[in-house]
Amino acid sequence: MLAATAASAQEVLFSGNMMDAYDAPVAANTGLNHLYVLNSAEGVAMSYIAADPNETVTWYRFDARGGAYAEEVTGVEQVEPGVTMLNPIKADCGYYVEEGTNRYYLWIADYSKCVMSLNALTFGEMGDCGTATLQLDGTGEDIVYYTINGVRRVLDRGLKLTYHSLEWNEEEERWADTEVTETIDNFKNTIVVPAPLCNTTFTLAGDDLLTFWNLPQQRAESDVYQTIAVDIKTFAIQEERNNDNEQKRPDGSSTLGGSAPVTITFKAYCTDAVVYKEWQMSTDSEFQNLELRLNTNEVEQTFDESGIYYWRFLAGNADGTCDAVSETYTVEIGESDLVCPNIFTPGTSEGANDVWKVSYKSIVEFHCSIFSRYGVKVAEFNDPNGGWDGRYGGKLVKAGVYFYVIQARGADGKNYKLSGDINIIRFKKNLAGGSGGSGEDPNPADPVDPTAE
């Protein structure tokens, strides 16, 4: 049968071979136009079809020394105009065909001299947490060729090593089983690959040429590999508050924490070999003095004292030979602050300055009472995010001066005892729901001292 290259001005055909010639990829810097691998070179002839039938064609053969040491080939026949043939050919050597001033370079390799045998896969010494070492029993000579300048090259045979490992699935937030395929360029007695994160078997099969010829693959399979490698994924998720009067962290800040109390959930996801696991908290970044150790994957922690806290997760396998440490999460809880405004305008413009609220940061205990000028308590609340909407008994109070008394404690231990006045200055909207009028509530609340005459 004939096996031809893609149609071009110059063309090489093989005859007498039972299987197509494998046209292997070849780099341009080799100087070769083609690298052909024959399943067997025995009894194979090669024909060259010239681009110009009228040109003189001369064949040359070269060896590992390169094209500069080529010798003219004898026994080449002219079978028809523009077609010359060498029968039989020699393999594991190079040829170039000179047509006029043009040269066409190729190397021919004989696969039958490099047949591979894969017998068994066993494991090398355990203990390296990052890699797995396999020992391959078998044989497999390199398919060697040379450039036109005599540089030795080895054809990549593309053996496939398959096994299973774990891969982090971001969408599902879990370690997922996945099949891994490593390409092994050529036969090696020792193969080193990234350590699988789960128990698995290894299968080595090849090669690309057998696949091309549709022949059975050589195959070797290992026993079950018991993983010792560990890996982790960790997250710190802060519970956010949308309190409009709480002083926030700067926009874009990557630091956890801010205004206390802060609640953060720390999560860790471990691979199969993890036995020992621990969340650690320290007040020093080197973790010399551990304040907290928790043997769990997930912990919810509320920070209600100012300061800087460092968290990390540690994991290890059963015998302590492999471990993993997460990034360090820094939690900064700010010092307290409490500022009280003295003016607000309920009823003037809905949603704008119509609720009296303090501005605060890291306040963990709070109590506020608001009184009229007669000493009547018109509002009271225990949450610094709370406020007074200017109402008493369900109705807006009259404009004027009111008074607040606040007792609070900050995350830094600071105690607050504040008092001051609140000025309600005006109304514009008819809040009674009627049409027309002066724009004020026609029947505003007027808290008075019940003992006054």
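Just so it is clear, the values below take in all heavy atoms, side chains as well, and ignore hydrogens, waters and symmetry mates. These figures come from a predicted structure and were not determined experimentally.
To the nearest 0.5 angstrom, Leu38 atom CG is 10.5 Å from Asp20 atom CG. How far CD of Gln280 is from OH of Tyr310: 15.0 Å, rounded to the nearest 0.5 Å. Summarising the geometry, atom CG belonging to Leu204 is positioned 5.0 Å from atom CD1 belonging to Ile191; distances are rounded to the nearest 0.5 Å. Summarising the geometry, atom OH belonging to Tyr111 is positioned 10.5 Å from atom CE belonging to Met19; distances are rounded to the nearest 0.5 Å. To the nearest 0.5 Å, atoms OG (Ser306) and CD (Glu335) are separated by 6.0 Å. Summarising the geometry, atom NE2 belonging to His164 is positioned 14.0 Å from atom OG1 belonging to Thr227; distances are rounded to the nearest 0.5 Å.
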Report the C-alpha separation of Glu327 and Arg312 in whole Å, then their side-chain angles, then the decisive distance to 0.1 Å, and conclude whether the salt bridge (Lys or Arg N to Asp or Glu O under 4.0 Å) test is met.
CA-CA 6 Å; Glu327 65 176 292; Arg312 69 181 182 183; over 6 Å; no

Does Ser259 form a side chain to side chain contact (heavy atoms under 4.5 Å, CB included) with Glu246? I'd like the steps, not just the answer.
CA-CA 8 Å; Ser259 174; Glu246 185 173 18; 2.7 Å; yes

Step by step, work out the side chain to side chain contact (heavy atoms under 4.5 Å, CB included) result for Lys377 and Ile370.
CA-CA 6 Å; Lys377 185 183 291 185; Ile370 299 175; over 6 Å; no

The test is side chain to side chain contact (heavy atoms under 4.5 Å, CB included); show your working for Asn33 and Val12 and say whether it passes.
CA-CA 11 Å; Asn33 296 96; Val12 167; over 6 Å; no

Yes or no on side chain to side chain contact (heavy atoms under 4.5 Å, CB included) for Ile308 and Thr283, after CA distance, side-chain angles and deciding distance?
CA-CA 6 Å; Ile308 301 178; Thr283 51; over 6 Å; no

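Counting all heavy atoms, side chain and backbone alike, Asp177 lies closest to Cys198 at OD2-SG, 4.0 Å. Scanning both residues, Ile108 and Phe14, for their nearest heavy atoms gives CD1-CE2, 3.9 Å. Between Leu118 and Gly206, the closest heavy-atom pair is CD1-N, 4.4 Å. Across Cys340 and Tyr404, no two heavy atoms sit closer than the pair CB-OH, 3.4 Å. Closest heavy-atom contact between Gln226 and Asn199: OE1-ND2, 3.2 Å.
Side-chain contact annotation: Asp304 with Thr302, donor-acceptor N/O pair under 3.5 Å absent. Between the side chains of Ser222 and Tyr163, not a single donor N or O lies within less than 3.5 Å of an accepting N or O. Side-chain contact annotation: Thr162 with Thr181, donor-acceptor N/O pair under 3.5 Å absent. A donor-acceptor pair shorter than 3.5 Å cannot be found between the side chains of Glu300 and Thr263.
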Contacts table for residues 406-417: side-chain donor-acceptor under 3.5 angstrom, sequence neighbours left out:
residue	atom	partner	partner atom	Å
Arg409	NE	Glu365	OE2	3.3
Arg409	NH2	Glu365	OE2	3.2
Asp412	OD1	Ser336	OG	2.9
Asp412	OD1	Lys414	N	3.3
Asp412	OD2	Ser336	N	3.1
Asp412	OD2	Ser336	OG	3.2
Tyr416	OH	Ser336	O	3.4
Tyr416	OH	Ser336	OG	2.7

Without placing hydrogens or testing angles, list every side-chain donor-acceptor pair under 3.5 Å for residues 379-388, not counting sequence neighbours.
residue	atom	partner	partner atom	Å
Glu380	OE2	His367	NE2	2.6
Asp383	OD1	Asn385	N	2.9
Asn385	ND2	Asn243	OD1	3.2
Trp388	NE1	Arg391	O	2.9

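Under the 4.5 Å side-chain criterion, counting only non-hydrogen atoms from C-beta, Phe344 is not in contact with Val355. You'll find the side chain of Asn119 reaches within 4.5 Å of the side chain of Ser117, heavy atoms only. Within the 4.5 Å cutoff, no side-chain heavy atoms of Cys270 are placed close to those of Val230. Side-chain contact between Leu292 and Trp311 is present, with heavy atoms from C-beta onward closer than 4.5 Å. Put simply, the side chain of Thr122 does not reach to within 4.5 Å of the side chain of Leu136, judged on heavy atoms. In this structure the side chain of Tyr402 never reaches within 4.5 angstrom of the side chain of Trp356, judged on heavy atoms.
By the side-chain contact (heavy atoms from CB on, under 4.5 Å) test, Val144 is found to be paired with Asp142, Tyr146, Arg152, Val154, residues two or more places apart in sequence or in another chain being considered. Asp208 is linked by a salt bridge (charged side-chain N to carboxylate O under 4.0 Å, His left out) to Lys160, counting only residues two or more places apart in sequence or in another chain. The side-chain contact (heavy atoms from CB on, under 4.5 Å) check on Glu170 picks up Trp168, Phe235, with sequence neighbours excluded. Taking Ser282 as the reference, Asp284, Phe287, Leu290 meet the side-chain contact (heavy atoms from CB on, under 4.5 Å) condition, with sequence neighbours excluded. Residues satisfying the salt bridge (charged side-chain N to carboxylate O under 4.0 Å, His left out) test with Glu179, not counting sequence neighbours, are none. Applying the salt bridge (charged side-chain N to carboxylate O under 4.0 Å, His left out) criterion to Asp156, with sequence neighbours excluded, gives no partner residue. Residues that satisfy the side-chain contact (heavy atoms from CB on, under 4.5 Å) test with Asp421, not counting sequence neighbours, are Asn342, Val401, Phe403, Asn423.
With Asn297 contributing its side chain and Ala268 its backbone, the two residues share a donor-acceptor pair below 3.5 Å. Not one N or O on the side chain of Tyr225 forms a donor-acceptor pair closer than 3.5 Å with the backbone of Ala195. Side chain of Gln238 to backbone of Gly257: a donor-acceptor contact under 3.5 angstrom is found. Under the 3.5 Å distance criterion, the side-chain polar atoms of Thr30 are matched with a main-chain donor or acceptor of Ala27. Judged by distance alone, with hydrogens and angles left aside, the side-chain atoms of Thr211 form a donor-acceptor pair with the main-chain N or O of Asp207 at under 3.5 Å.
Here Lys361 does not pair with Asp337 in a salt bridge; the nearest charged N to carboxylate O distance is not below 4.0 Å.
A salt bridge (Lys or Arg N to Asp or Glu O under 4.0 Å) check over residues 105-116, counting only residues at least two apart or in different chains, returns the pairs Asp92-Lys113. Pairs of residues two or more places apart, or lying in two chains, never qualify as salt bridge (Lys or Arg N to Asp or Glu O under 4.0 Å) while including a residue from residues 209-235. Residue pairs meeting the salt bridge (Lys or Arg N to Asp or Glu O under 4.0 Å) criterion with at least one member in residues 268-278, sequence neighbours excluded: Glu278-Arg293.
Between Phe123 and Phe202, the ring planes lie perpendicular to each other; the angle is over 60°, past the 30° to 60° tilted range. The aromatic rings of Tyr104 and His34 sit tilted relative to each other, their planes meeting at an angle between 30° and 60°. Taking the six-membered ring where the residue is Trp, Phe303 and Phe266 present perpendicular rings, their angle passing 60° and hence far from 30°.
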